[in-house]
Amino acid sequence: MSKAKQQTLDEFLSATPVKKDVQSKHAESAQQSTIRKTEINQEGRKLKVEMTPPEEGRNYLLLQVDYDGKEGKAFCKLYDPISGKVHILYDNTKHMPYFLTDVPTDKISKISKIVKDSSFDKIEIVEKIDPFSGKKVKLTKIVTKDPLAVRRMRDAVPIAYEAHIKYFNNYIYDLGLIPGMPYTVSDGRLTLTGKIPSKEEGEALIKNLEYVDEVAIRTAIDWFPIFETPIPTVKRVAVDIEVYTPTKGRVPNPKDAEFPIISIALAGSDGMKKVLVLRRNDVGGFEGTLDGLDVEFFNNERSLMNRFFEVVSNYPVVLTFNGDDFDIPYIYYRAVKLGIGDWAPFTVIKQEGKPATKYNLGLHIDLFRFFFNKAVRNYAFEAKYSEYNLDAVASGILGASKIKLDTIVSFVDLKTLILYNYRDAEITLGLTTFNDELVWKLMILLARISKLGLEELTRVEVSTWIKNLYYWEHRQRGLLIPSKEEIARRGKIRTSAVIKGKGYKGAIVIDPPAGVFFNVVVLDFASLYPSVIKNWNISYETVDAETCSKERDVIDESGQVLHKVCMERIGLTALITGLLRDFRVRIYKKKSKQKDIDPSQKALYEVVQRAMKVFINATYGVFGDDKFPLYAPAVAESVTALGRFVITSTLKKAGEIGLRVLYGDTDSLFLHNPPKKELEGIVEWVKKQFNLDFEVDKTYKLVLFSGLKKNYMGVSQDGKVEIKGMLAKKRNTPEFLKTSFNDVKTIIASMQSEADVNAAKEKVAQEIKEIYTRLKEKGYNLDQLAFKVMLSKSIDQYTKTMPQHAKAALQLKNSTGINVTSRDIILFVKVKGKDGVKPVQLAKLKEVDVEKYVEAVRSTFEQVLKAFGLTWDDITSRISIDSFFTPQTR
DNA sequence: GCGGACTGCTTACCT
DNA sequence: ACAGGTAAGCAGTCCGCG
């Protein structure tokens with residue numbers, strides 16, 4: 001273990017308990033309970049492993065909260081960083097499932113669907129704060145003996161509050177638990193430990209955040225431990241299986257589990273490198289050692305699997321890539337088929353749609369699900385991967401890839417199989433360990449912020465994270481979680497979107513000129529939407545409040561008043577979004593850029609600010625999503641309207657003080673040759689006018705604008721090129737266009753000043769002419785010519801139109817039997833003839849429709865040509881002059 | 001029946 | 001099941017022409 005990690009663990013173990021006792025007052029004595037017994041099977045393998053309660057006074061990491069149907073209780077999974085084991089702590093606070101309603105108790109007692117239900121427990125009266133009025137209200141609490149009863153009863157009343165929350169999450173809210181944080185156990189109760197701010201730290205924090213409001217200060221102090229408490233590493237193992245398949249192109253179905261598991265690889269964070277492999281007659285045998293790998297051979301599948309169960313049981317966390325859909329259910333159903341299902345430490349729950357898999361001795365994290373998450377992809381990893389298989393994700397963020405096979409795993413020799421299998425497990429583990437465990441730390445921080453257990457966190461989308469975070473905050477503040485109807489009743493939409501079918505008007509994009517411009521400075525508003533939410537106090541309960549004495553107008557770029565915001569109290573979303581934004585911008589972004597600090601500490605700050613970014617950037621969007629339980633269209637509409645107001649006002653001011661604005665999109669302005677004084681002037685004006693940070697984001701040596709919106713090339717002083725939106729950048733563009741565009745890019749990047757433009761223009765024209773000529777001479781092969789388009793749904797779901805890639809996929813399926821499914825990338829070329837396309841696998845070079853490719857060359861390069869004032873005809877007419885013997889007809 | 005104008009669908013990008 | 005805005009290319013439809 002490295003020194004840095006050791007320190008972290010020590011810090012973790014010596015963490016100070018937070019004074020307040022977060023668990024309920026009704027705690028009873030610790031309850032002894034075990035989930036499984038240790039048993040030895042016929043082969044002498046230790047297969048059923050005991051799950052014991054945690055010890056008193058020790059420090060544990062809370063990983064997960066779940067519900068045990070047999071015990072009828074919620075339980076916590078607690079990780080012990082010293083033993084590397086997970087312990088189970090059952091609820092001993094007599095917490096029970098419930099929901100709320102405004103129907104009075106005497107009326108409830110007459111509803112037989114509720115009181116006659118076998119799981120009905122009792123009725124109570126509770127006091128909550130109505131988020132809209134801020135006043136206390138009395139509600140009826142219906143308590144049940146099991147969570148399913150809530151589902152049966154909630155429709156028996158006109159309005160049921162908080163009745164759609166999963167029980168174990170309700171448990172987390174009521175006990176104020178924070179998954180991902182350390183806890184000690186005393187008298188069978190959890191007490192939060194972790195880094196609480198000292199007096200000096202607290203004062204420094206409030207000063208840095210510039211907070212004066214009492215509620216905001218208290219919330220900031222409450223949130224401090226979430227970001228500052230060290231994150232311990234957790235012992236874990238990546239698992240990957242290989243299954244025998246008789247034919248290519250057929251993925252085995254886990255439910256049937258009809259083919260044998262021929263190899264299982266395990267890569268442990270403790271250094272274990274193990275492959276369990278089946279001896280077979282059909283492929284070349286192999287015995288011996290392999291390059292640091294611990295290989296074990298088995299004569300039959302049953303003993304291979306039993307050994308796997310034994311080995312995996314030593315780990316509290318199992319990692320897979322797509323294990324939810326394949327590896328874990330396959331292992332489970334195969335074990336059942338072989339008569340050893342009872343030994344498998346996994347549970348496969350058949351839920352609507354997707355299978356959910358559980359690892360009984362800890363956690364199973366399916367990294368595919370986590371990396372597929374849109375918010376993780378875009379905000380945490382800045383779209384470094386755009387395909388979602390292990391190879392693409394690992395290459396995108398690790399730079400490591402799978403071992404390439406010419407055939408399928410069933411046919412390779414054992415040595416190749418072992419190496420191939422192990423590599424998959426190794427890179428799966430690597431995805432959580434690279435860069436000082438960045439991904440593991442990110443997951444823990446996301447769990448702390450969202451208050452979701454790790455298993456749920458890694459399987460749901462960002463809207464669920466945000467929903468859970470807000471529910472938790474409501475409960476902690478005694479606020480009633482409002483129904484969707486109550487929110488929708490208030491703010492009505494006042495604008496219409498530019499795009500058909502969208503709910504409300506969005507951002508402004510300034511039309512750019514076509515041309516090459518030297519010395520361009522890009523200014524942007526730091527976290528515009530979150531800052532607007534904070535500064536204008538935007539929240540579902542403050543926008544268009546029914547009664548309010550202190551209101552502020554929400555205006556758009558034309559000065560029209562769209563909504564009114566109540567400024568009497570801080571709105572909850574304004575508070576939380578503002579807090580995350582301020583923590584990120586004023587503290588962690590700065591800390592992550594410090595030069596004189598410990599690199600591992602610096603990396604942690606980087607993860608912290610990234611985790612915050614995920615929530616900050618998605619918060620605005622969820623309130624504009626009609627499926628979100630706190631859907632508040634007036635909130636979303638107010639945010640974009642104010643955003644337009646801000647950028648339009650700034651644009652106008654910039655013009656007044658003589659700045660030349662070339663372009664802008666949503667929250668940015670591109671300025672041509674801005675003098676220092678005016679630049680500082682506009683920044684100051686924005687700060688004074690809106691209390692927003694308007695910062696220099698980038699300084700480009702030159703920017704090439706195609707004349708299209710969201711479409712340009714920016715070159716930094718050091719020659720680094722950023723391409724935005726251009727065709728050559730798109731994933732579906734054929735390779736020959738991408739590579740030839742690179743040469744053009746190099747010419748553009750080498751320009752130093754206006755004086756170089758004419759020479760560059762000539763070179764660019766020449767280059768494009770050569771590409772055009774080579775294409776006409778069929779100088780490219782099929783792979784280079786292939787368009788690569790993702791099938792976003794299964795073929796039979798293309799009912800309205802049949803796009804080209806779907807046609808190609810259909811041909812592939814019909815003539816080769818190769819299975820094509822949603823998310824597959826289809827490679828096809830454009831050909832003459834019926835469909836106009838053929839999958840590369842079936843096409844021949846001579847069928848290629850050259851005219852179609854000329855079109856592709858034209859549209860790709862026209863985006864650059866336009867900036868130089870050239871047209872496509874300028875290129876093709878040169879050809880007709882140059883190529884004397886083969887004049888073109890155009 | 002043909003072809004241009006148009007709308008709609010699909011994919012992939014930007015903020 | 002976070003949002004709206006922009007672009008490209010094709011599929012499919014409508015409509016006038018003759």
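Proteins get letters first, then strands, A, B, ... in listed order; numbering begins at 1 in each. Below, each value reflects all heavy atoms present in this structure, side chains not excepted, and no hydrogens, waters or symmetry copies.
- Using a 4.0 Å heavy-atom cutoff across all strands shown, A:Lys467 reaches no nucleic acid atom at all.
- OP1 or OP2 of B:dT10 has not a single side-chain nitrogen or oxygen of A:His805 nearer than 4.0 Å.
- Heavy atoms of A:Ser792 sit under 4.0 angstrom from primed sugar atoms or phosphate atoms, though from no base atom.
- A:Phe623 comes within 4.0 angstrom of no nucleic acid atom, judged by non-hydrogen atoms across all strands.
- In this structure, A:Lys374 atom NZ and B:dC13 atom P are separated by 14 Å, rounded to whole Å.
- Heavy-atom nearest nucleotides on DNA chain C were determined for A:Lys627 and for A:Lys502, and the one closer to the 5' end corresponds to A:Lys627.
- Residues A:Leu704 and A:Met726 have side chains in contact (heavy-atom distance under 4.5 Å, counting atoms from C-beta outward).
- Sorted by first then second residue, the salt bridge (Lys or Arg N to Asp or Glu O under 4.0 Å) pairs that include residues 607-619 of chain A, not counting sequence neighbours, are A:Glu382-A:Lys613, A:Glu606-A:Arg610.
- Between the CE atom of A:Met802 and the C1' atom of B:dT10 there is a distance of 12 Å, rounded to whole Å.
- A:Ser859 comes within 4.0 angstrom of sugar-phosphate atoms only, judged by non-hydrogen atoms across all strands, and of no base.
- Taking atom CG on A:Leu727 and atom C1' on B:dT11, their separation rounds to 12 Å, with Å as the unit.
- Judged by distance alone, the side chain of A:Arg494 and the main-chain N or O of A:Leu562 form a donor-acceptor pair under 3.5 Å.
- Of the two residues near DNA chain B, A:Asp667 and A:Val789, the one whose nearest nucleotide lies more 5' is A:Val789.
- The listed nucleotides are B:dC14, B:dT10, B:dT7; the one nearest the side chain of A:Pro803 is B:dT10.
- Separating the NZ atom of A:Lys729 from the P atom of B:dA12 is a distance of 14 Å, rounded to the nearest angstrom.
- A straight line from CD of A:Gln804 to P of B:dC9 spans 18 Å, rounded to a whole angstrom.
- The pair A:Arg459-A:Asp366 does not count as a salt bridge, with every side-chain nitrogen at least 4.0 angstrom from each carboxylate oxygen.
- When each of A:Leu671, A:Thr650, A:Asp697, A:Val686 is paired with A:Leu523, the side-chain contact (heavy atoms from CB on, under 4.5 Å) condition holds for A:Leu671 and for no other.
- Separating the CG atom of A:Leu827 from the C1' atom of B:dT11 is a distance of 15 Å, rounded to the nearest angstrom.
- A:Tyr712 comes within 4.0 angstrom of sugar-phosphate atoms only, judged by non-hydrogen atoms across all strands, and of no base.
- Within 4.0 Å of A:Ile499, counting heavy atoms only, lies at least one base atom of the nucleic acid.
- The distance between atom CD of A:Glu722 and atom C1' of B:dC13, rounded to the nearest whole Å, is 15 Å.
- Atom CG in A:Leu708 sits about 13 Å away from atom P in B:dC14, given to the nearest Å.
- Contact annotation for A:Tyr529: no contact, since no heavy-atom pair falls under 4.0 Å across all strands.
- The shortest heavy-atom contact between A:Gln811 and A:Lys838 is OE1-CG, 3.6 Å.
- Contacts of A:Gly621 with the nucleic acid, taken as non-hydrogen atoms under 4.0 Å apart, include base atoms.
- Using a 4.0 Å heavy-atom cutoff across all strands shown, A:Gly836 reaches no nucleic acid atom at all.
- Residue contacts for A:Lys709: at a heavy-atom cut-off of 4.0 Å it reaches the sugar-phosphate backbone alone, with no base atom in range.
- With A:Phe736 as the partner, the ring pair (Phe, Tyr, Trp, His ring centres under 6.0 Å) test is satisfied by one option alone out of A:Tyr772, A:Tyr780, A:Phe741: A:Tyr780.
- A:Lys730 comes within 4.0 angstrom of a base, heavy atoms only.
- Each of A:Thr876, A:Ile875, A:Leu870 was checked for a side-chain contact (heavy atoms from CB on, under 4.5 Å) with A:Asp873, and the lone residue meeting it is A:Thr876.
- Residues A:Phe670 and A:Tyr712 bring their aromatic ring centres within 6.0 Å.
- When the nearest nucleotides of DNA chain C are assigned to A:Ala507 and A:Asp625 by heavy-atom distance, the more 5′-ward of the two goes with A:Asp625.
- Nucleotides of DNA chain C that come within less than 4.0 Å of any heavy atom of chain A span, from the 5' end to the 3' end, C:dA1 to C:dG12.
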